[in-house]
Amino acid sequence: MTSYQPQPDSEVLDVIILGAGFGGIAAAIKLRERGVENIRVLEKAAGIGGTWWYNTYPGAACDIQSHLYCYSFEPNPDWSRKFSPQPEIRAYIEHCADKYDVRRHIQLETEVTAFRFDDQRGIWQAQLADGNILVARHVIFATGGLHLPAYPDIPGCNQFEGPSMHTAEWDHSVDFAGKRVAVIGSAASAIQLIPEVAKVAAHVDVYQRTPNYIAPRNDRDYTEKEKARFARWPWLNKLYRRMIFLRGEFIIFPIVKTKGKSSWRTRAEQMVRRHIRASVSDPKMREAMIPSFPLGCKRILIADNFYDAMNRPNVDLVTTGIDRVESHAVITADGDQHPADILIYATGFDLENYMRKTEVIGPGGLVLSELWADKPQAYKGGFIPGMPNFYMTTGPNTGVGTTSVVFMIEAQLQLICQAIEAAGTDQLIEVTSQASDRYNREIREALQETVWAGDCQSWYKRPDGEITTLYPYDARTYLRDHQQLVREDFTLRPARQPLTDYAI
């Protein structure tokens, strides 16, 4: 546990925001709209963008159409494609930081190791990795989950003598031309990077533990005329965004429901399986790439060029489990040796521990990691009993696969800003345990009516069967539930020491 002494003479910020991705930038914009200027956005990276700063592997792009994967208050008529690539998304976030004048509030290359509540003063202290301390009345935890790499536990990985990297920690100095490449993993990031690597590598082995449902992306460039129309008529941009949103609500979301929706999911499964069979040339590979579990149990993926890449003569699919890694090879459980010059981990992210990576110690020494020892949970994904004036933009059970996380962030910020307003200048606002327990019981019950609660294993589900990442309802329900702070679900109490007034 981190321990340090309070610094009573430090400047008291109104709000500390952790993270400068979509969540952190939106939080700063919305606070400034309400007149809260004494804020600081702390970002450990050397630039802003969050997920889109860290994930720079070849082919990186979003699986949500760009016109929905952006702020509702800042539509972009100039997206180049339906599903824009990483550099363009990062440039959009930077544009928003500049346009809404929040860059001056951002402190880069600043890692927070711990937040600790000062019981005497009723404020939060942020312990920085360089030993400095910042203090604030409120904390918004706005880091996303797609940046803390998850590595597989494979014997011998540290014995590999060639370059190795996770997709979230891409080494752009490595030359793949003419090399033998092992890609461990075959899900979201893998299906984007494999077509790019296969163009230049001598050989690529794709290690697949479980096949995935991969539907056509149907991506394309927007024409200059289309972009001009979006710019000239903002209502058209808004209508197009609404159409994308409703498609997710009425066509994609029903796939995850188990009550009254199984026939639609069955038809969708058949369509995707037909797509796989029509796209993969080799009969043995084709059958190995067809999932046996229900559609939606694991993340539904989209791609236009992945199967073409798998059809290349220099690409092999390996479905036998990995036994170990040696200095220049991957050894599978059947004893086969697969030579490799470069090792890529496309093995996803640690979606629970990213929320525990920064130590949080509340009033009376309450430690968040201990509070969440059983499982992470929060009220409406953003408020934790025992942690006053502490909020999360994408906390437990806010994950979605059928709409945009940016939409979810904007909805959550409505409640967060209302909570900050309610706390005023010298009060602490905290969700009650009763309200949080009630909400989480409802969430757990609703999750049982989703395909995620079935028999198949996925990163959605913990070993004990609990699902702490996903939201079980549609996006319209989330928005309605985040319109207005239910004051009866919260307590307000004075901070220990009155603080200087500020206007919201």
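We use all heavy atoms of the structure for the numbers below, so side chains are in, but hydrogens, waters and symmetry mates are not.
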*What pair of heavy atoms forms the shortest contact from Tyr345 to Cys157, and how long is it?*
OH-SG, 3.0 Å

*Is the distance between the ring centroids of Tyr69 and Phe22 less than 6.0 Å?*
yes

*asked:* Just so I know, are the side chains of Asp63 and Arg299 near enough to count as touching, which here means a heavy-atom distance under 4.5 Å?
replied: yes

*Is it true that Lys380 and Asp489 make a salt bridge, defined as a side-chain N closer than 4.0 Å to a carboxylate O?*
no

*Take the angle between the ring planes of His166 and Tyr151 and call it parallel below 30°, perpendicular above 60°, tilted in between.*
perpendicular

_Is it true that Gln125 and Arg116 share a donor-acceptor pair across their side chains at a distance under 3.5 Å?_
no

*Trp53 to Thr56 - nearest heavy-atom pair and separation*: O-CG2, 3.3 Å

*Are Phe293 and Tyr213 close enough, and set up right, to give a ring-ring contact (aromatic ring centres under 6.0 Å, His included), and what steps lead you there?*
CA-CA 9 Å; Phe293 52 83; Tyr213 285 99; 5.5 Å; yes

*asked:* Side chains of Ser186 and Tyr207, heavy atoms from C-beta outward: is any pair under 4.5 Å?
replied: no

_Gln414 side-chain N/O to His482 backbone N/O, donor-acceptor pair under 3.5 Å_ = yes

*Over all heavy atoms of both residues, which pair between Gly386 and Pro363 is shortest? Give the atoms and the distance, please.*
O-CD, 3.2 Å

*Report yes or no: does Glu249 contribute a side-chain atom to a donor-acceptor pair with the main-chain N or O of Ala475 at less than 3.5 Å?*
yes

*Please state whether the rings of Phe141 and Phe390 are parallel, tilted or perpendicular, taking 30° and 60° as the class boundaries.*
tilted

_Under a 3.5 Å cutoff, is there a donor and acceptor pairing between the side chains of Asn237 and His67?_
yes

*Is there a donor-acceptor pair closer than 3.5 Å between any side-chain N or O of Asn55 and the backbone N or O of Thr51?*
yes

*asked:* So, taking the atom named CD1 in Ile25 and the one named CD1 in Ile17, what distance separates them when rounded to the nearest 0.5 Å?
replied: 8.0 Å

*Side-chain contact, heavy-atom cut-off 4.5 Å: Glu11 with Asn38?*
yes

*Between Tyr478 and Met408, does a side-chain contact (heavy atoms from CB on, under 4.5 Å) hold up when you go through it step by step?*
CA-CA 8 Å; Tyr478 192 86; Met408 307 290 277; 3.5 Å; yes

_Note: Arg90-Glu94 ion pair, threshold 4.0 Å (strictly below)_ = yes

*With no hydrogens and no angle check, is any side-chain donor or acceptor of Trp124 less than 3.5 Å from a backbone partner on Arg137?*
no

*Would you say the side-chain atoms of Asn212 pair up with the backbone N or O of Ile214, donor to acceptor, closer than 3.5 Å?*
no

*asked:* Can you confirm whether the side chains of Glu169 and Tyr54 place a donor and an acceptor under 3.5 Å from each other?
replied: no

*Flag side-chain contact, heavy atom, 4.5 Å: Val360 against Val367*: no

_Geometric class of the Trp170/His172 ring pair [parallel <30°, tilted 30-60°, perpendicular >60°]_ = perpendicular

*Check: Gly381 main-chain N/O paired with Asn397 side-chain donor or acceptor under 3.5 Å*: no

*At what distance, to the nearest 0.5 angstrom, does OG1 of Thr394 lie from CD1 of Ile409?*
5.5 Å

*Please round to the nearest 0.5 Å and tell me the distance separating atom CG of Asp130 and atom CG of Asn132.*
4.0 Å

_Heavy-atom pair of closest approach, residues Thr167 and Ser189_ = OG1-OG, 3.6 Å

*Check Ser84 against Ile89 and note the closest heavy-atom contact, atom names and distance.*
O-CD1, 3.5 Å

*asked:* Quick one: does any side-chain atom of Thr113 pair with a main-chain N or O of Gln127 as donor and acceptor, under 3.5 Å?
replied: yes

*Are any non-hydrogen side-chain atoms of Cys62 and Trp52 less than 4.5 angstrom apart?*
yes

*Would you sort out whether Glu111 and Leu128 count as a side-chain contact (heavy atoms from CB on, under 4.5 Å), showing the intermediate values?*
CA-CA 6 Å; Glu111 182 177 359; Leu128 309 184; over 6 Å; no

_What verdict does the salt bridge (Lys or Arg N to Asp or Glu O under 4.0 Å) test give for Lys375 and Asp464, after you've listed the backbone C-alpha separation in whole Å, the side-chain angles of each residue and the deciding distance to 0.1 Å?_
CA-CA 10 Å; Lys375 58 179 174 290; Asp464 62 5; over 6 Å; no

_For the student: nearest non-hydrogen atoms of Ala268 and Leu295, plus distance_ = CB-CD2, 3.4 Å

*Between Phe490 and Tyr379, ring centroids under 6.0 Å*: yes

*Any side-chain heavy-atom pair from Trp452 and Cys297 closer than 4.5 angstrom?*
no

*Going by heavy atoms in the side chains, are Ile39 and Ile140 under 4.5 Å from each other?*
no

*So how far is it from Ile467 CD1 to Thr469 OG1, rounded to the nearest 0.5 Å?*
7.0 Å

*Nearest 0.5 Å, what's the CG-CD1 distance between Asn389 and Ile16?*
12.5 Å

_Arg209 CZ: over 12 foreign heavy atoms closer than 6.0 Å_ = no

*Is the side chain of Thr258 donor-acceptor paired with the backbone N or O of Glu449 at a distance under 3.5 Å, no angle test?*
yes

*Would you say Gln418's side chain and Leu485's backbone share a donor-acceptor pair under 3.5 angstrom?*
yes

_Donor-acceptor side-chain pairing of Gln65 and Arg241 below 3.5 angstrom_ = no

*Output, in order, the C-alpha distance, side-chain angles, deciding distance and verdict of side chain to side chain donor-acceptor pair (under 3.5 Å) for Ser72 and Glu410.*
CA-CA 8 Å; Ser72 63; Glu410 285 193 56; 2.6 Å; yes

*Under the side-chain contact (heavy atoms from CB on, under 4.5 Å) rule, what do Phe83 and Ile302 come out as? Steps first, then yes or no, please.*
CA-CA 11 Å; Phe83 299 89; Ile302 56 175; 3.7 Å; yes

*Verify side-chain contact (heavy atoms from CB on, under 4.5 Å) between Thr491 and Ile429, making sure each step is shown before the conclusion.*
CA-CA 6 Å; Thr491 60; Ile429 188 166; over 6 Å; no

*Could Lys30 and Phe73 be counted as a cation-pi pair, given that NZ or CZ must be under 6.0 Å from the ring centre and within 45° of the axis?*
yes

*Given side chains that start at C-beta, do those of Tyr391 and Ile384 come closer than 4.5 Å, heavy atoms only?*
no

*Are any side-chain N or O atoms of Arg32 and backbone N or O atoms of Tyr100, one a donor and one an acceptor, separated by less than 3.5 Å?*
yes

*Kindly determine whether Arg324 and Gln159 satisfy side chain to side chain donor-acceptor pair (under 3.5 Å), including the steps that lead there.*
CA-CA 10 Å; Arg324 66 189 184 278; Gln159 304 300 317; over 6 Å; no

*Between Met392, Gln412, Glu430, which is the residue that forms a side chain to side chain contact (heavy atoms under 4.5 Å, CB included) with Phe383?*
Gln412

*Measure the CD1-OG1 distance between Ile64 and Thr402 for me, rounded to the nearest 0.5 Å.*
7.5 Å

*Which of these, Ile361, Val139, Leu428, sits in a side chain to side chain contact (heavy atoms under 4.5 Å, CB included) with Phe117?*
Leu428

